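Since this is a predicted model, take the numbers as computed values, not measurements.
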Amino acid sequence: MYFSGLRKLLGSVEETRFYDVAILYLSVQRYRELSIVDGTGDGGRDVVCSRKDLRIQLSVRKDWENKINEEAANAASLGQSHLLYVTNRTIMPRAEEAFRASKYKFSGQVEVTIHDLNRIATALARPGRIKRAYEMLGASVSPSSHATVAEVAVSSLLLFGQEASELREEIIDANVRAWLLKNPGSSEDVLVDEVSRVLPGASPVKAVMSAVSRLRTTAQIVGNKEKINLSSDEFAKMQSAEDEFLLARQVDVLAIQGVTGLSYEDSSHLLDLATEILLEGSDLSGEESNAEMVRSYLAEKNLSRNKSKIYKVLSECSIAKQFQYAGTMREIFSTNTFDIYRALGNRTNLTMVLDTSVALPMLFGLEFKAVTSRYSVGASTLLEVCRSHEIPMMVPRPYVNEMASHGIRALEFLESYDALPEDLRPFLRGSGNAFLSHFSHIEGAMARSGVKLTLSEFLRAFGLTKDVSLRRVENRMLSLLESHSINTGMNSYYDADVRLQIADKKSPHEAKHILDHDAAVCTNLINDSERGYILATWDKVLIEVVQGLARVYADSPARVTDFLSAVEGIDYEYDRSTELLTTLLHVDEQYVQKVAKKIEEIRAPSQEHKLRVFIDDLRSSDSGSMLPDVDDLTFFLDSNGPQENTKTLED
């Protein structure tokens with residue numbers, strides 16, 4: 001989508017900046033431990049990486065043929081068998097073919113791979129890479145991107161679709177079970193940490209904890225928190241799948257051995273190299289790092305002339321047949337921020353908006369993060385996933401006013417609270433005032449840690465002291481939010497029709513200023529067509545008012561966190577073939593089939609209006625309760641939870 005602009009920038013950039021972008025490109029191609037070596041300043045730079053057989057040259061020289069021969073000579077003198085030439089010049093396929101046929105001096109001695117301007121621009125003009133590439137070149141990504149309706153539909157399916165959600169759960173379940181198969185008797189904490197580390201997603205911890213709970217319920221895993229194991233039936237089932245795979249792999253290795261004449265060990269290594277490519281859905285004769293490693297290995301074993309036969313055998317291995325859904329699984333694993341961009345009206349400028357019922361608990365958690373409370377966990381998780389996607393957070397100014405008003409009302413209760421007997425104070429957890437309710441939780445958590453916190457001290461942390469003005473408390477709230485990199489904005493203007501719509505759907509006893517504030521926020525969301533928004537709110541009325549806007553996604557904070565956690569951040573590049581292989585071995589195929597079928601239907605020739613209706617259905621929040629499950633309660637709510645149809649936190 002950004003190919004032409006990026007290609008133009010790369011072709012004209014000064015050499016130092018090109019070298020930086022070239023390193024990014026090489027890392028995308030999965031070369032590791034990259035480092036530029038000081039060169040002679042002749043329009044090129046040497047790069048070293050983890051592969052000792054490989055010489056990498058970055059070049060901006062026009063006389064690319066001479067430069068390649070020079071670098072091939074250097075590679076030969078150092079005993080290196082492969083030269084990778086990366087340039088910001090365009091080298092047409094016919095010109096490259098003619099060079100190899102008559103001008104390249106080291107044919108058969110040094111394998112050469114050329115990555116030219118078109119190849120680099122194509123690889124970097126993709127989700128997860130483009131933003132950093134543009135910044136390195138001194139440019140910025142356009143506030144809107146282009147995507148077909150089918151591309152938007154696929155992204156929406158992967159983010160919001162029930163089938164994709166079920167498949168994600170199955171993937172996590174499979175990885176939990178696979179970990180226990182290899183590591184029986186693990187503690188729950190170790191299990192959650194290790195599985196979370198290898199799974200896709202910006203913050204999969206909560207999802208892994210839910211998976212452990214599910215697997216306990218179905219008796220697939222047994223034991224206490226200190227020692228968890230697979231049930232005997234589940235162990236036998238998974239071990240059987242592993243044994244079946246190893247037998248099939250053995251047959252593949254023997255087939256490779258038959259066509260190559262290599263030892264069993266070398267044939268096994270060649271199959272491992274090919275497996276990476278097959279799982280990625282890439283071409284064995286392509287130009288990515290893994291494909292180059294296969295070519296280099298064949299050259300090392302003097303098998304280059306038999307490449308076609310060997311590739312044929314590799315592509316017919318049982319791995320290729322057994323893992324027919326690797327492409328679908330990879331789409332799930334590699335979903336990232338750009339899918340959010342596409343699903344939200346192709347806007348690359350996104351903002352997370354928090355309403356009062358979300359912003360206040362978050363602020364409490366951030367200010368008292370030393371306490372291991374549900375609020376600090378919820379706050380840190382939402383912040384973590386937003387930062388991973390580089391989505392700034394904002395509390396609208398009307399809601400800052402509400403936050404301050406809640407504080408003033410809590411201050412009025414201070415004397416009454418001090419007079420309450422100790423045994424009655426915990427009942428305040430059910431208070432409709434956010435300050436009082438959350439203080440009760442935080443006070444209890446701190447007391448268990450040996451720290452005494454009074455209500456007066458708690459309120460003072462938010463600028464709430466005797467006779468303080470509302471404006472001064474607002475300023476304090478603004479300062480606290482800004483100290484945690486949470487912006488404030490939006491004006492108080494509202495559209496009368498929007499306010500009327502909100503008032504009609506809310507309780508007739510709703511306070512006037514609450515209606516004014518909600519109307520102002522919804523008006524801003526509706527009118528600002530330059531950016532996309534994610535609105536985190538427990539208020540169904542607000543969700544309904546902005547529903548239908550492609551660039552606005554509104555939902556409960558628990559669901560918002562879940563979908564942001566499930567996809568990778570903006571600079572993420574999928575590189576987890578081992579985990580994909582594990583998942584493919586143990587995942588229930590029916591879940592993959594459902595997603596694969598949906599994606600196939602979307603990408604088939606279709607009328608656009610059908611896809612738009614499909615997208616609307618995926619985005620709809622009409623179904624299901626706004627109330628979260630038990631795991632969500634741990635992250636966001638006080639003991640009573642929010643009222644389903646109202647956002648007010650007042651008594």
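With values rounded to the nearest 0.5 angstrom, Leu455 atom CG is found 6.5 Å from Leu436 atom CG. Here CG of Asn349 is found 8.0 Å from OH of Tyr533. Values are rounded to the nearest 0.5 Å.
Screening Thr537, Asp355, Asp518, Thr488 for a side-chain hydrogen bond (donor to acceptor under 3.5 Å, both in side chains) involving Tyr399 leaves a single residue, Asp518. Checking each of Leu159, Thr337, Ile534 against Leu564 for a side chain to side chain contact (heavy atoms under 4.5 Å, CB included) leaves exactly one that passes, namely Ile534. Of the options Leu157, Leu158, Ile599, a side chain to side chain contact (heavy atoms under 4.5 Å, CB included) to Glu163 is made by Leu157 and by none of the others.
In this structure a side-chain-to-backbone donor-acceptor pair under 3.5 Å is missing from Arg7 to Thr122. At distances below 3.5 Å, not a single donor-acceptor pair connects side-chain atoms of Arg612 with backbone N or O atoms of Val149. In this structure a side-chain-to-backbone donor-acceptor pair under 3.5 Å is missing from Glu568 to Thr335.
Centroid-to-centroid, the aromatic rings of Phe563 and Tyr553 come within less than 6.0 Å. Note: Phe439 and Phe364 fail the aromatic proximity criterion, with ring centroids not under 6.0 Å apart.
No side-chain donor-acceptor contact under 3.5 Å links His513 and Glu402.
When side chains are defined from C-beta on, Leu535 does not count as touching Ile543, because their heavy atoms never get closer than 4.5 Å. In this structure, Pro204 and Ile172 have side chains that are not in contact, with every pair of non-hydrogen atoms separated by 4.5 Å or more. Annotation: side chain of Leu542 is not in contact with side chain of Val521 (no heavy-atom distance under 4.5 Å). Side-chain contact between Val395 and Met403 is present, with heavy atoms from C-beta onward closer than 4.5 Å.
Under the 4.0 Å criterion applied to side-chain N and carboxylate O atoms, Asp20 and Arg17 are not assigned as salt-bridge partners. A salt bridge does not link Glu331 to Lys598: none of the charged side-chain nitrogens sits closer than 4.0 Å to a carboxylate oxygen. Salt-bridge formation is detected for the pair Glu474/Arg471: a Lys NZ or Arg NE/NH1/NH2 atom is positioned less than 4.0 Å from an Asp or Glu carboxylate oxygen. Arg551 has no carboxylate O lying under 4.0 Å from a charged side-chain N of Asp528, or vice versa, which leaves the two without a salt bridge.
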For Arg559 and Asp562, what are the C-alpha separation, side-chain angles and deciding distance, and is it a salt bridge (charged side-chain N to carboxylate O under 4.0 Å, His left out)?
-> CA-CA 5 Å; Arg559 289 180 183 169; Asp562 282 347; over 6 Å; no

